[in-house]
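Here is the structure we will look at, set down as C-alpha cells.
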Amino acid sequence: MIAVDGPAGSGKSTAARRVARALGLRYLDTGAMYRALTWWLLSRGLDTTDPATVARHAKEPVIEVGTDPDAPAITVDGVDVSGPIRTREVSNAVSAVASVPQVREHLIAMQREIIARNTAPGRGIVAEGRDIGTVVAPQALVKVFLTATESERAQRRSAELAVDPGATVTQQEQLRRDRADAPQTVMAADAVEIDSTSLSLDEVIGLIAGLARERAGRAEGQAGPAGRDQQADPARTG
C-alpha cells in the first residue's frame, strides 16, 4: 500500500491517481468522502460550522467511493457528486466538517475497510489524504508527504475549482485553509517528503513509483522465497 498525504493544493490527488494507474493499483481519495458529506449537509441547509449538527447527521447519507484510478466516482445516496463536491462552497466548508470527531471516526472506519479489501494478497492501493500514513493506515509500505509553496498550491487549488466559474484562491485563503486543516495534516515520521513546487507531474509520479518499487523489492528480499510470490508487485502488501 502507498499512502500519499499533504496539504490542500499540493497535487496529491492527481499524483496518487497517476501512480495507481502506472503500478496497476486501486486508488482511494479520502478527501472526496469528507467533501461528499459536506455537500450533503449544505444541500439540506444544515449548519456545517456547528459540530453538534454535523455529528448528528454524519451517518445519514450513504457515501460510496470508487477505487478505479481511471474513473474514481463518488456517490451520495446513489447520486454521482463527483462534480458538485469540487465547488468553492464545499471547499470552504469541508475543513470544519472534517474536524468533527464523529465524522472522522465514521469515515476513517470506512476508509480502513476499503483499504483492507484492496490489500489482500496480490492486490494493492494508493490512498491519499491528510493523515493516511499516521492514522488511517500507519502500516503502509510506502508513505509520501507531498507539498509545495503556498503560492503554487493556491494556483493549483484555483485550477481544481474550475467547475465553479471565476473561482480563484488567494494566498490568504490558502493560509486559512492550511490553519483549519493543520490538526489533520501531519507527516508520518517514516514518510518521504517531496516538494513538488518545481517538479513536473511526471517527475513526481516517477519519484513515488520508484520509491514503491524500491520498498517492495526490499520487502521481497526480507520475506525470502516463501513470500516472493505474494510480494512480487510494487506496494501490493501493507
Legend entry - Any side-chain heavy-atom pair of I208 and I194 under 4.5 Å: yes
Legend entry - Any I115 side-chain heavy atom under 4.5 Å of V136 side chain: yes
Legend entry - Residues forming a salt bridge (Lys or Arg N to Asp or Glu O under 4.0 Å) with E214, sequence neighbours excluded: R218
Legend entry - Side-chain donor-acceptor pair present, S91, R35, cut-off under 3.5 Å: yes
Legend entry - Pairs flagged by salt bridge (Lys or Arg N to Asp or Glu O under 4.0 Å) wherever residues 12-33 is involved - sequence neighbours left out: R18-D202, R21-D70, D29-R86
Inset, instruction - Apply side chain to side chain contact (heavy atoms under 4.5 Å, CB included) to the pair R130 and V135, showing each step before the final yes or no. - result: CA-CA 9 Å; R130 301 195 188 287; V135 176; over 6 Å; no
[atom1] of [X] to [atom2] of [Y]: how many Å apart, nearest 0.5 Å?
{"X": "T119", "Y": "Q139", "atom1": "OG1", "atom2": "CD", "result": "7.0 Å"}
{"X": "E89", "Y": "W39", "atom1": "CD", "atom2": "CH2", "result": "11.0 Å"}
{"X": "R123", "Y": "T67", "atom1": "CZ", "atom2": "OG1", "result": "7.0 Å"}
{"X": "T53", "Y": "D47", "atom1": "OG1", "atom2": "CG", "result": "6.0 Å"}
{"X": "I63", "Y": "W40", "atom1": "CD1", "atom2": "CH2", "result": "9.0 Å"}
{"X": "L25", "Y": "N118", "atom1": "CG", "atom2": "CG", "result": "9.5 Å"}

Does [X] belong to the same Ile/Leu/Val/Met/Phe/Trp/Tyr cluster as [Y], with side-chain heavy atoms less than 4.5 Å apart forming each link?
{"X": "V62", "Y": "V103", "answer": "no"}
{"X": "V81", "Y": "I114", "answer": "yes"}
{"X": "L28", "Y": "F145", "answer": "no"}
{"X": "V54", "Y": "I85", "answer": "yes"}

On a heavy-atom basis, which atom in [X] and which in [Y] lie closest, and how many Å separate them?
{"X": "V65", "Y": "M33", "value": "CG1-SD, 4.1 Å"}
{"X": "A16", "Y": "Y27", "value": "CB-CE1, 3.7 Å"}
{"X": "E60", "Y": "D77", "value": "O-OD1, 4.5 Å"}
{"X": "S196", "Y": "V204", "value": "CB-CG2, 3.8 Å"}
{"X": "A212", "Y": "L23", "value": "CB-CD1, 3.9 Å"}
{"X": "A15", "Y": "L146", "value": "CB-CD2, 4.2 Å"}

List in chain and number order the residues that pass side-chain contact (heavy atoms from CB on, under 4.5 Å) with [X], two or more places apart in sequence or in another chain; answer none if no residue qualifies.
{"X": "D190", "result": "K143, A188"}
{"X": "A55", "result": "V100, Q102"}
{"X": "T48", "result": "L41, L42, A93, V97"}
{"X": "T149", "result": "S151, E152, T197"}

Legend entry - Candidate pair L107 and Y34, rule side chain to side chain contact (heavy atoms under 4.5 Å, CB included), full reasoning: CA-CA 8 Å; L107 294 184; Y34 290 99; 3.4 Å; yes
Legend entry - V76 and L37: CA distance, side-chain angles, deciding distance, side chain to side chain contact (heavy atoms under 4.5 Å, CB included) verdict: CA-CA 8 Å; V76 177; L37 176 58; over 6 Å; no
Inset, instruction - Answer yes or no: is there a donor N or O on one side and an acceptor on the other, between the side chain of R153 and the main chain of P7, under 3.5 Å? - result: no
Inset, instruction - Verify side chain to side chain contact (heavy atoms under 4.5 Å, CB included) between E203 and L207, making sure each step is shown before the conclusion. - result: CA-CA 6 Å; E203 287 174 324; L207 286 171; 5.5 Å; no
Inset, instruction - I would like to know whether E128 and T30 meet side chain to side chain donor-acceptor pair (under 3.5 Å); could you show each step before the answer? - result: CA-CA 6 Å; E128 59 99 348; T30 62; 5.4 Å; no
Inset, instruction - Test E193 against every option in D5, T147, V144 by the side chain to side chain contact (heavy atoms under 4.5 Å, CB included) rule and name the one that passes. - result: T147
Legend entry - Whether over 12 other heavy atoms sit under 6.0 Å from E105 CD: no
